[in-house]
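Okay, so here's the structure we're looking at.
Because the structure is predicted, anything quoted here is derived from the model rather than measured. Every chain is numbered from 1 and lettered A, B, ... according to where its sequence line falls, protein lines coming before strand lines. Only this structure's heavy atoms are used, side chains among them; waters, hydrogens and symmetry mates stay out.
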Amino acid sequence: MFAQRIVAEVLRRGEGYGGNGGGRGVTALVEHTSINPNASPHVGRARNAMIGDALVRLLRFEEYEVEVHYYVNDMGRQIALLVLACGEPERLTFDEMLQQYVDANERAKNDPEFAAQGYELLAKMEEGDPETKARFDRVTSVCLAGQLAVLARLGIGYDVFDRESAYVRDPRLQGVLDALRAKGGLFTDEDERLVADLSKIGHTQDEGRYLVLMRANGSSMYAYRDLAYTIDKAGRGAALNLIVLGEDHKLYAQQLGLILEAAGYPPPEPVYYAYILLREGKMSTREGNVVLLSDLLDEAVARAGQKVEEQWPDFPAEERRAMAEKVAAAAVRFAILRVNPQKNVIFDLEQSLSFNGDTGPYVQYSCARIASILRKHGEPLPAEPSADFPTDSDAEWALITKLADFPATVETAARNRNTAPVAQFALETARLFTTFYHECPVLNAPTPAVRDARLHLCQAALQTLKNALGILGLEAMERM
RNA sequence: GCGCCUGUAGCUCAGUUGGAUAGAGCAACGGCCUUCUAAGCCGUGGGCCGGGCGUUCGAAUCGCCCCAGGCGCGCCA
């Protein structure tokens, strides 16, 4: 009997239902977010973090052993300017540092001497000057902590932080240069820069043929350091090596991949996503038309808080606050994650703050309704649904059939490295539960057998929704 | 100019990898709280699936050509 079998299967597997064990015994390294320290995360950048984090959760659900890496770009021209601007970093907060950076960047454009100071500072950093390194560390650490605090509000965390500055003088880079040289793919150009000619190692198009590795003054370019880091990641022995990248990095990743292959290293598997745009155009920190993740979350919490207050006036403020945080995070995460990553999305503030319709809070609300039924029933249910499992309505069948689809949805999502279908599944399941909810009374079911079957179905639906939400990084609500 | 991605309802998105009458939400309009939470439900209107040509018994889905948007293309990261 199909219905009874599916419901029993969901309840038996519990938190593991939907997992196919595709990653059992497989290690995976996932790098995502890796925001430059000179900016507070905006929703565009946050797409990387949310996609990456959901991917990590999906892989773990499939029993991969995952290690999450964050590459801290604590070097480079922009960071040098930031450090230069933050004279006494101890006295500055994260937000103040960001303002300093904006000012410094502006000044560097019009003041060549100031810009030159930046390059000098960078060169000293690369030489390994301890005092300079300490200065950089102080500034970038404050910035990193500020960024992580915002991301943590969305439930996003990391296992390992790799600092770019640790890879500048990586001895393995010599081997890469030797390999390039051996194939005629390395030369010093007329301006004394060290340049890779990728056409010698399989690059077929004209655009992107050359990649500058070192400046004339011997300081390294981002790509050069990134090569060392990528080699380092490859050397950690993970069977699956993923990196979440904006689509603007496509050509760059190909270039890097060619060099790595020429030197005998396996390149990571990229997962791309497209930009989030505003109606007015693309987000630009310079022009001030950005939506900061922290601001978005604050607004979401404020709106959710209002709703919670209307709904649960007798709850302690602290508890209401916690509910609002969960709902707010769910709204923001779901709004981003439900869209296929290769699509540009036009960011709509009202829409991503909406708690009605095709949203994370709608799914959470369905969970709360189920939890409420189970709570009201009070008594524990038999662990196994009875062999006599009456299900006569279309609503019940549609819901059960949907629950049965979950493992296949997860399997496809993992294979395609795309969690958007899981969000879609959660929505569809929540809608089907709601139809069932309106058409099939549970506690007042016509017979005890029907009631028990429906209670078990409720449990199974809740478990499946929880598992789907877990992959997306949203919390199911007991009440809302 | 060249390369990659995208184009589905007024708006934001799905569409199970080529199958039957293309689905949701938002917005609009009309209904539903003395029965398990109205952050919900039911109903109405709304479509040349960007355009064209092809492949196929069959195309939103595959191919080619256009058009539009996004991204990228040597001392940014």
Identify whether the distance between the nearest side-chain nitrogen and carboxylate oxygen of A:Glu269 and A:Arg417 falls below 4.0 Å. yes

Here the distance between atom C1' of B:C26 and atom CG of A:Leu353, to the nearest Å, is 14 Å

Please classify the glycosidic conformation of B:U34 as syn (within 90° of 0) or anti (everything else). anti

Using a strict threshold of under 4.0 Å (side-chain N to carboxylate O), is an ion pair present between A:Arg225 and A:Asp170? no

Interatomic distance at P, B:U61 relative to B:U8, whole Å: 13 Å

Rounded distance (Å) that lies between atom P of B:G15 and atom CG of A:Asp405: 14 Å

Keeping the roles fixed (side chain from A:Asn73, backbone from A:Pro37), state whether a donor-acceptor pair exists under 3.5 Å. no

Considering only atom P, compute the distance from B:C29 to B:C71 and round it to an integer number of Å. 37 Å

OP1 or OP2 of B:C26 versus the side-chain N and O atoms of A:Ser354: is any pair under 4.0 Å? no

With respect to the phosphate group of B:C41, does any side-chain polar atom (N or O) of A:Tyr362 fall under 4.0 Å of OP1 or OP2? yes

Taking the side chain as every heavy atom from C-beta outward, state whether A:Arg369 and A:Tyr437 have any pair of such atoms under 4.5 Å apart. yes

Have a look at B:C71 and give me syn or anti from its glycosidic angle (syn if within 90° of zero). anti

Expressed as a whole number of Å, how far does the C1' atom of B:G52 sit from that of B:C2? 24 Å

Between A:Arg451 (side chain only) and A:Pro446 (backbone N and O only), is there a donor and an acceptor less than 3.5 Å apart? no

Span that lies between the P atom of B:C26 and that of B:G69, in whole angstrom: 31 Å

Expressed in angstrom and rounded to an integer, what is the separation of A:Lys376 atom NZ from B:C36 atom P? 6 Å

Taking the C1' atom in each of B:C57 and B:G15, what is the distance between them to the nearest angstrom? 23 Å

Give a yes/no answer on whether the side chain of A:Arg369 brings an N or O atom under 4.0 Å of OP1 or OP2 in B:A38. yes

Work out how far the P atom of B:A59 is from that of B:G50, and round it to whole angstrom. 15 Å

Want to settle it: does A:Asp358 or A:Asp348 sit nearer the 5' end of RNA chain B, counting the closest nucleotide to each? A:Asp348

Counting Watson-Crick and G-U wobble pairs with both distances under 3.5 Å, what is the dot-bracket string for RNA chain B, 5' to 3', using [ ] for crossing pairs and | for pairs to another strand? (((((((..((((.....[...)))).(((((.......))))).....(((((..]....))))))))))))....

Of B:C41, B:A24, B:U6, the nucleotide closest to the side chain of A:Lys343 is B:U6

Contact class for A:Val327 (heavy atom, under 4.0 Å): base, sugar-phosphate, or nothing? base

Rounding to an integer number of Å, can you tell me how far A:Arg47 CZ sits from B:C13 P? 9 Å

Pairwise C1' distance, B:A14 and B:G7 [rounded to whole Å]: 15 Å

Counting distance alone, no hydrogens or angles: does the base of B:U17 have a donor or acceptor under 3.5 Å from a partner atom on the side chain of A:Asn416? yes

Looking for any heavy atom pair under 4.0 Å, which part of the strands does A:Lys307 touch: base, sugar-phosphate only, or nothing? base

Selection from B:G3, B:C36, B:U17 that lies nearest to any side-chain heavy atom of A:Gln205: B:G3

Is the phosphate of B:C26 approached by A:Asn356 (side-chain N or O, under 4.0 Å from OP1 or OP2)? no

Heavy atoms under 4.0 Å, any strand shown: does A:Ser372 hit a base, just sugar-phosphate, or nothing? base

Apply salt bridge (Lys or Arg N to Asp or Glu O under 4.0 Å) to the pair A:Arg454 and A:Glu396, showing each step before the final yes or no. CA-CA 8 Å; A:Arg454 287 178 179 172; A:Glu396 286 164 306; 3.0 Å; yes

Can you tell me how far P of B:G23 sits from CG of A:Leu427, to the nearest Å? 18 Å

Side-chain N,O (A:Asn340) to OP1/OP2 (B:A14) below 4.0 Å: yes

Check: A:Asn20 main-chain N/O paired with A:Glu62 side-chain donor or acceptor under 3.5 Å: yes

Glycosidic conformation of B:G74, syn or anti, with 90° from 0 as the boundary? syn

What contact category does A:Val363 fall into here, base, sugar-phosphate, or nothing, at under 4.0 angstrom with non-hydrogen atoms? nothing

Taking the P atom of each, how far is B:U56 from B:G63, in whole Å? 16 Å

I'd like to know if A:Lys124 pairs up with A:Glu120 as an ion pair, taking the criterion as any Lys NZ or Arg NE/NH1/NH2 lying under 4.0 Å from an Asp or Glu carboxylate oxygen. no

To the side chain of A:Gln351, which of B:U6, B:U12, B:A24 is closest? B:U12

Interatomic distance, A:Ile346 CD1 vs B:G10 P [rounded to whole Å]: 16 Å

Could you run down nucleotides 60-77 of chain B 5' to 3' and tag each one B, S or - for protein heavy-atom contact under 4.0 Å? ---------BBSSBBBSB

Assign A:Val339 to base, sugar-phosphate, or nothing according to its heavy-atom contacts below 4.0 angstrom with the strands shown. sugar-phosphate

A:Gln424 vs B:A24: side-chain N/O to OP1/OP2 distance below 4.0 Å: no

How close or far is atom P of B:C26 from atom CZ of A:Arg338, stated in whole angstroms? 11 Å

Per the side chain to side chain donor-acceptor pair (under 3.5 Å) rule, which among A:Tyr229, A:Tyr70, A:Tyr71 passes with A:Asp162? A:Tyr229

Value in whole Å for how far the C1' atom of B:U12 lies from CD1 of A:Ile276: 13 Å

With a 4.0 Å cut-off on heavy atoms, is A:Glu478 in touch with a base, just the backbone sugar-phosphate, or nothing at all? base

So does A:Arg321 pair up with A:Glu309, basic N to acidic O under 4.0 Å? no

Can a donor-acceptor pair be found, under 3.5 Å and without considering hydrogens, that links the side chain of A:Ser372 to the backbone of A:Ala368? no

Salt bridge A:Lys133-A:Asp137, side-chain N to carboxylate O under 4.0 Å: yes

May I ask you to say what A:Cys440 touches in the nucleic acid, namely base, sugar-phosphate or nothing, with a heavy-atom cut-off under 4.0 Å? base

How about A:Tyr17 and A:Thr464: does a side-chain donor come under 3.5 Å of a side-chain acceptor? no

